[in-house]
Asks: 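Dropping the structure in here first, questions after.
We count ligands from 1, going down the list as the structure has it; atoms in each ligand are counted the same way.
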Amino acid sequence: MKMDSRLILALDETDVPKALHVLDEVCGIIDAVKINWPLILSAGPEIITTLSQKADVICDFKIADIPNTDRLIIEQSVKRGASGVIVHAFTGTDSLKECVSAAGGRDVFVVTEMSHPGGQEFTAKHAEEFAAMAAECGASGLIAPATRPERIKKIKESAPGLLILSPGVGAQGGSASNAVLNGADYVIVGRSIYGSSDPKDAAQKLADEIKALRF
Ligand code: C5P
C-alpha cells in the first residue's frame with residue numbers, strides 16, 4: 001500500500017452507483033479503500049474486483065474464526081483482488097498465523113482496540129497483547145482507535161515497526177491530526193467523506209491536514 005496522503009476511505013456507502021462515484025472522486029487523493037459488509041452485501045463480492053481496478057482494496061471482514069475458515073475467507077478475498085484484510089486477534093495465535101499464511105504476502109491488519117465506546121469494555125483490556133501477538137505472527141499492521149489517540153501510542157509501543165491504521169476520525173469524534181501525531185501511519189475515514197456533499201473536497205481537506213504535519 002502506498003504511503004502518500006495517509007488517508008484510507010472507508011466506503012460503507014450501500015448505494016452502489018453512489019459508492020462508485022465517491023471512489024472516482026477521491027481515488028486520486030486516498031492511498032487505499034476499505035470495504036466492509038454493508039457494501040459487499042449490497043453490491044455482491046464482485047465489488048472487490050471492481051474497486052481493485054481503481055485503488056488498493058482492504059477487506060474489513062474482521063475475520064474471527066477457526067484457522068481453516070479464516071484461510072478460506074482470505075483466499076476468496078485475495079482471489080477477488082483484495083490487497084489487504086482486517087482480522088480479529090481474540091481467536092488466538094493459530095488463527096492469526098493462518099491468516100498471515102493465507103494472505104500470501106498481502107497485508108493483514110489486526111484489530112487491537114475498537115474505536116467506539118464499547119471498545120473499552122473488552123478490547124481495550126487486551127489491546128497491547130493483541131498488538132504483540134500480531135507482531136509475533138507476522139502481520140503488517142494494527143487497527144487502533146483515533147477516538148482515543150493516547151491509546152494509539154501505547155499500542156504502537158507494544159509492536160514497534162507495525163503499521164497503525166486508525167479509524168474513528170470525523171463521525172466518531174476523532175481527529176486526523178491527533179491520530180497521526182500519536183503514531184497512526186494512516187487514518188481511516190468513512191462518513192465524513194462519503195456522506196459529505198462534496199466528497200472530493202472533504203478528502204482533500206483531510207489530506208491537507210495530515211500533510212501540514214510535515215513528515
Ligand atoms: O464512518 P466512519 O468514519 O466512522 O467509519 C469507520 C470505519 O472503520 C467503519 O467501516 C468501521 O466499521 C471501521 N472500524 C472502526 N473501528 C474499528 C475498526 C473498524 O470504526 N476499531
Side-chain angles (χ1 to χ4, degrees), residues 5-15 18-19 22-23 26 29-43 47-48 51 55-64 77 82 84-91 107-128 130-131 134 139-152 154-156 159 162-180 182-197 199 202-203 205-207 209-210:
S5 65
R6 295 169 180 257
L7 184 59
I8 296 171
L9 170 66
L11 192 54
D12 296 327
E13 172 61 62
T14 54
D15 176 326
K18 194 172 166 210
V22 169
L23 185 59
V26 308
I29 301 169
I30 58 168
D31 285 343
V33 58
K34 180 186 86 66
I35 52 172
N36 199 332
W37 292 113
L39 182 57
I40 300 274
L41 292 172
S42 170
I47 193 76
I48 301 171
L51 299 186
D56 277 350
V57 175
I58 300 170
C59 285
D60 180 8
F61 296 151
K62 295 194 182 66
I63 299 164
S77 305
V85 291
I86 295 180
V87 308
H88 270 301
F90 65 79
T91 45
D107 289 319
V108 174
F109 300 109
V110 178
V111 176
T112 57
E113 178 173 329
M114 293 293 291
S115 55
H116 65 307
Q120 290 174 286
E121 289 175 34
F122 297 102
T123 58
K125 292 175 186 159
H126 298 281
E128 284 90 342
F130 291 156
S140 313
L142 305 170
I143 308 294
T147 44
R148 293 183 286 281
E150 71 289 352
R151 293 290 298 143
I152 299 175
K154 285 276 172 213
I155 289 164
K156 198 175 178 109
L162 261 63
L163 291 170
I164 304 271
L165 280 51
S166 290
V169 168
Q172 295 180 57
S175 124
S177 303
N178 282 345
V180 171
N182 280 278
D185 298 290
Y186 297 87
V187 294
I188 297 173
V189 185
R191 287 164 285 179
S192 298
I193 296 176
Y194 72 76
S196 159
S197 56
K205 283 195 173 115
L206 283 159
E209 177 186 334
I210 295 166

Asks: Against heavy atoms of Asp12, which atoms of ligand 1 measure under 4.0 Å?
Replies: 9 (C), 10 (O)

Asks: Within the 4.0 Å heavy-atom shell around Asn36, which atoms of ligand 1 are there?
Replies: 10 (O), 12 (O)

Asks: Would you say Arg191 and ligand 1 have an N/O pair spaced under 3.5 Å apart?
Replies: yes

Asks: Closer than 4.0 Å to some heavy atom of Ser115 - which atoms of ligand 1 meet that?
Replies: 15 (C), 16 (N), 17 (C), 20 (O), 21 (N)

Asks: Going by the atom numbers of ligand 1, which of them fall below 4.0 Å from some non-hydrogen atom of Met114?
Replies: 17 (C), 21 (N)

Asks: Between Ile143 and Val110, is any pair of side-chain heavy atoms under 4.5 Å apart?
Replies: no

Asks: Could you check Val108, Asp60, Val111 and say which one makes a side chain to side chain contact (heavy atoms under 4.5 Å, CB included) with Val87?
Replies: Val108

Asks: Regarding Lys34 and Asp56, does a basic nitrogen lie under 4.0 Å from an acidic carboxylate oxygen?
Replies: no

Asks: Give the atoms of ligand 1, by number and element, whose distance to some non-hydrogen atom of Lys62 is under 4.0 Å.
Replies: 12 (O), 18 (C), 19 (C)

Asks: Looking just at side-chain N and O atoms, do Ser115 and Gln172 make a donor-acceptor pair shorter than 3.5 Å?
Replies: yes

Asks: Please answer whether the main-chain N or O of Ser140 pairs with a side-chain N or O of Asp107 as donor and acceptor at a distance below 3.5 Å.
Replies: no

Asks: Tell me the protein heavy atom at minimum distance from atom 13 (C) of ligand 1, and give that distance in Å.
Replies: Lys34 NZ, 3.5 Å

Asks: Tell me, which protein residue and heavy-atom name are nearest atom 20 (O) of ligand 1, and how many Å apart are they?
Replies: Gln172 NE2, 2.9 Å

Asks: Examine Gly190 against ligand 1 and note whether any of their N/O atoms are separated by less than 3.5 Å.
Replies: yes

Asks: Taking only Lys NZ, Arg NE, NH1 and NH2, and the carboxylate oxygens of Asp or Glu, determine whether Arg6 and Glu209 approach each other closer than 4.0 Å.
Replies: no

Asks: Taking non-hydrogen atoms only, is Pro167 closer than 4.0 angstrom to ligand 1 via side chain, backbone, both or neither?
Replies: side chain

Asks: Is there a donor in the side chain of Glu113 and an acceptor in the side chain of Thr123, or the other way round, less than 3.5 Å apart?
Replies: no

